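Since the model is a prediction, treat every value here as computed from it, not as a measurement. Atoms within a ligand are numbered from 1 in the order they appear, just like the ligands themselves.
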Amino acid sequence: MKLILLGAPGAGKGTQAEVICEKLSIPAISTGNIIREALRNSTELGLKAKSYMDSGKLVPDDVVIEIIRERLSKEDCKNGFILDGFPRTVPQAEALDRMGIVIDRVIDIEVPDEKIEARMSGRRVCGKCGASYHIDYKPSRDGVTCDACGEKLVQRKDDAPETVRERLRVYHEQTEPLKDYYRGTGKLRVVIGQEEVADTTRETLKALEA
Ligand code: AMP
């Protein structure tokens with residue numbers, strides 16, 4: 001299955017991507033994670049993307065389109081994949097179409113802005129391996145360090161409240177039009193994000209089949 005997860009930053013796409021990845025044994029591909037890893041490794045891509053990312057802006061289309069083109073050409077994508085955080089603009093969606101990729105389902109996870117702002121303030125990440133936690137919804141075992149590698153957890157720079165507001169503005173302006181883009185294909189399913197992650201997961205899995 002070739003799947004796109006749409007939704008505002010912080011709507012829970014990453015968590016749902018992990019569940020589906022496990023269930024369907026297809027890779028979850030997050031452009032945000034790829035860029036953050038490039039940043040940690042100080043590669044050319046990381047350096048190019050840093051200022052956009054830190055200020056809550058989108059990285060230019062040509063940069064992310066190349067990242068995706070390269071990633072989707074890998075062997076592990078041949079039976080399907082989950083795109084988490086791509087496409088984020090209409091030109092990115094058009095580029096995906098031009099690559100000849102036929103998407104089976106687009107799931108849009110809807111969460112109101114106020115809830116997103118509250119959620120993002122509690123998000124913590126591991127600066128070393130990139131694992132993501134939340135102080136209330138998904139705490140690490142000791143609440144301070146990463147379960148996977150023991151590194152201290154930190155708040156992402158772009159999860160600071162003023163940057164979150166900018167990311168939401170950018171989402172409404174540039175990413176939301178994708179709902180209409182995919183509605184027209186008949187492949188869009190809307191999932192209302194729930195308080196409990198497990199409830200959202202149940203709805204998401206239902207939407208995969210509907
Ligand atoms: P995310 O973790 O998906 O919220 O992505 C974090 C940041 O990476 C975004 O705020 C953008 O700066 C950048 N980014 C990730 N995916 C894309 C994309 N498809 N297009 C443009 N910028 C992106």
Thr31 N/O to ligand 1 N/O under 3.5 Å: yes
Distance from atom 14 (N) of ligand 1 to nearest protein heavy atom, with residue and atom: Ile35 CD1, 3.8 Å
Whether Asp158 side chain and Gly56 backbone form a donor-acceptor pair below 3.5 Å: no
Test of proximity, Gly85 against ligand 1: N or O pairs below 3.5 Å: yes
More than 12 heavy atoms of other groups within 6.0 Å of Lys48 NZ: no
Hydrophobic cluster identity match, Val190 and Leu205, side-chain contacts under 4.5 Å: no
Backbone or side-chain N or O of Asp158 under 3.5 Å from ligand 1 N or O: no
Contact check: Asn33 vs ligand 1, nitrogen or oxygen atoms, below 3.5 angstrom: no
Closest to atom 15 (C) of ligand 1 among Arg156, Lys50, Arg88 (heavy-atom distance): Arg88
Identity and separation of the nearest protein heavy atom to atom 20 (N) of ligand 1: Gln92 NE2, 2.9 Å
Interfacing atoms of ligand 1 (cut-off 4.0 Å, heavy-atom, Arg167): 4 (O), 10 (O)
Check: Ser30 N/O within less than 3.5 Å of ligand 1 N/O: no
Atom 12 (O) of ligand 1: nearest protein contact (heavy atom, Å): Lys57 O, 2.6 Å
Closest protein heavy atom (residue, atom, distance) for atom 8 (O) of ligand 1: Met53 CE, 3.5 Å
Matching residue for Asp159 among Arg167, Arg165, Arg124 - test: salt bridge (Lys or Arg N to Asp or Glu O under 4.0 Å): Arg167
Any N or O of Val59 closer than 3.5 Å to N or O of ligand 1: yes
Val197 vs Lys138, side-chain contact (heavy atoms from CB on, under 4.5 Å): CA-CA, chis, key distance, verdict: CA-CA 9 Å; Val197 173; Lys138 192 186 167 193; over 6 Å; no
Arg36 N/O under 3.5 Å from ligand 1 N/O: yes
Cluster overlap Leu178 with Ile68, hydrophobic side-chain contacts below 4.5 Å: yes
Shortest non-hydrogen contact between Tyr133 and Ala148, atoms and distance: OH-N, 3.8 Å
Flag, side chain of Asp142 to backbone of Val144, donor-acceptor distance under 3.5 Å: yes
Residues, nucleotides or ligands: over 12 heavy atoms within 6.0 Å of Tyr52 OH: no
